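Below is one structure; the comments refer to it alone.
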Amino acid sequence: MSSNHELFQHASERLPGGVNSPVRAFKSVGGEPFFTARAEGAYLWDVEGKRYLDYVGSWGPMIAGHNHPMVRAAVERAIGNGLSFGTPCAAEVTMAEAITRLMPSIEMLRMVNSGTEATMAAVRLARGATHRDIVVKFEGGYHGVGDSFLVKAGSGALTFGVPSSPGVPKALADLTLTLPYNDADAARVLFAERGDRIACVIVEPIAGNMNCIPPHAGFLEALRELCSAHGAILIFDEVMTGFRVAPGGAQQLYGITPDLTTLGKIIGGGMPVGAYGGRRDLMQQIAPAGPIYQAGTLSGNPVAMAAGLAMLELVSAPGFHAPLEQRTAMLCAGLEQAASAAGVAFTTNHVPGMFGLFFSVGPVRSYAQATACDVAAFRCFFHAMLERGVYLAPSAFEAGFISAAHGENEIETTLQAARESFRIVAKAAA
Ligand code: KE4
């Protein structure tokens, strides 16, 4: 069996940066990525047999823990009937009904194969339904890799300092306006100036791609009011937060009803799935019901639906989210105590199941504050934790994820590694 290094050398010959998604490449933290051989519960094992306590969870989908027996059994049953039909199948209907039950703002939806497809389709729908062109997003917001979103984007684009990607025509980029996240006044000014030309506002209701930054009180409410007042579509991008921060996602947590919602990650249970949906009068404009075109060969794939349905059954069970919230809070409090004991400037943000680590005095409530954090200290901490078998997101601008498989033992193991790692950070800074 090849070593991590040998695999990365071969991968780098055939895949740009040796990866199929940039943020996996460890470019911003230095070193080379490990190659996972298998995963179970809260853990990954690499090809060299080393075990890692995993706080990335495949970037969100693994909320019930890796390789959950219920999800695996559902996939094994589905595979027995074939892998893809290209015709409607019952599982797509069951999935649609499961999602609309959990997120009542979604009266009708369409399954797609990634979060990117979901957000691209939602923006096309908003533009087609309003006959307007301008899309408003937020600095550091990440909505996948559709051209209109790669303007001051977060996640990998922010990690590598190319928030606005080459290859996006200026004429298109000019139709994407960006605002500071959590700045309701800036949104009011923009709508006052150009509200009648804005097709939609797309927002991560909890920012998870400029690290983790929850909304200020009143911020989401202001966006809701402005969109309603000006006839713009409010799109909640819940690809990351959907079914994680609450059974009904951030829209349930904060009590805001968007016009459209985009989903991904958890609803695939680890398989490639996305979805977009919302008001019936909007979704009825999507082909073949209406003129706005969107399609996908593997959309609603029966095996992927089986995985997603099993995952939704797990996350919608009563009491699923309470331990997630408790353990996320326990982890963040313990990390802040460990950093303080080592004399390291450090703060956290957290919501149920999701957290952000910032090497800064804090608080961190904006893109500007997030990007002002000490990335070198994060890099040192990341590697010290990795050496102690704890795998954090390999970027200072990504959120961390906790699963139902992260018990108190896992949290205590993490805090023990952190106490040692913060001392290493302090020593390196001295
Ligand atoms: P995908 O196309 O990667 O399935 O989803 C794009 C997307 C859309 N919206 C939000 C809020 C998202 O967080 C994402 C994807 N998230 C990143 C993690 N920050 C995916 C990890 C990666 O790019 O490899």
Side-chain angles (χ1 to χ4, degrees), residues 15-28 33 36 54-63 111-123 135 137-151 153-160 162-163 165 181 200-215 235-245 249-251 258 260-276 296 298-299 301 304 307-308 351 353-357 370 391-401:
L15 305 170
V19 292
N20 281 312
S21 198
V23 74
R24 303 175 189 170
F26 278 32
K27 269 234 179 293
S28 71
T36 299
D54 177 22
Y55 283 100
V56 178
S58 183
W59 302 97
M62 297 291 105
I63 192 171
M111 302 307 301
V112 293
N113 300 288
S114 68
T116 290
E117 282 184 66
T119 55
M120 287 175 71
V123 163
V135 171
K137 68 179 286 289
F138 295 86
E139 277 181 312
Y142 180 75
H143 307 288
V145 294
D147 281 349
S148 293
F149 305 127
L150 292 178
V151 177
S155 186
L158 180 56
T159 297
F160 306 117
V162 284
S165 172
Y181 189 77
C200 61
V201 172
I202 184 165
V203 64
E204 293 179 64
I206 299 165
N209 289 286
M210 54 176 122
N211 211 312
C212 177
I213 298 182
I235 303 173
F236 269 16
D237 180 353
E238 295 224 43
V239 167
M240 187 181 278
T241 56
F243 315 111
R244 170 168 288 278
V245 299
Q251 55 196 266
L260 293 175
T261 299
T262 54
L263 298 168
K265 297 181 190 281
I266 286 173
I267 62 168
M271 302 290 278
V273 177
Y276 64 102
L298 296 173
S299 297
N301 172 274
V351 292
M354 232 170 108
F355 60 89
L357 310 181
Y391 176 48
L392 301 170
S395 161
F397 303 109
E398 293 286 356
F401 302 99

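First listed ligand is number 1; within each ligand, the first listed atom is number 1. The shown structure was predicted, so the numbers you read here are calculated from the model rather than taken from an experiment.
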Could I get the full list of ring pair (Phe, Tyr, Trp, His ring centres under 6.0 Å) partners for Y391, not counting sequence neighbours?
F34
For M120, give me all partners under side-chain contact (heavy atoms from CB on, under 4.5 Å), at least two apart in sequence or on another chain.
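For M120, the residues satisfying side-chain contact (heavy atoms from CB on, under 4.5 Å) (neighbours in sequence not counted) are T116, F149.
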Answer yes if the side chains of T262 and E238 hold a donor-acceptor pair under 3.5 Å, and no otherwise.
no
Does N301 have any side-chain hydrogen bond (donor to acceptor under 3.5 Å, both in side chains) partners at least two apart in sequence or in another chain, and if so, which?
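In terms of side-chain hydrogen bond (donor to acceptor under 3.5 Å, both in side chains), with neighbours along the sequence ignored, N301 is linked to no residue.
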OG on S58 to CZ on R24, rounded to 0.5 Å
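One gets 7.5 Å once the value is rounded to the nearest 0.5 Å.
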Just how far is it from atom CD of E204 to atom OH of Y142, taken to the nearest 0.5 Å?
10.0 Å
Exactly which residues line ligand 1, taking a heavy atom under 4.0 Å from it as the test?
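S21, V23, W59, S114, G115, T116, Y142, H143, G144, S155, E204, N209, D237, V239, M240, K265, E398.
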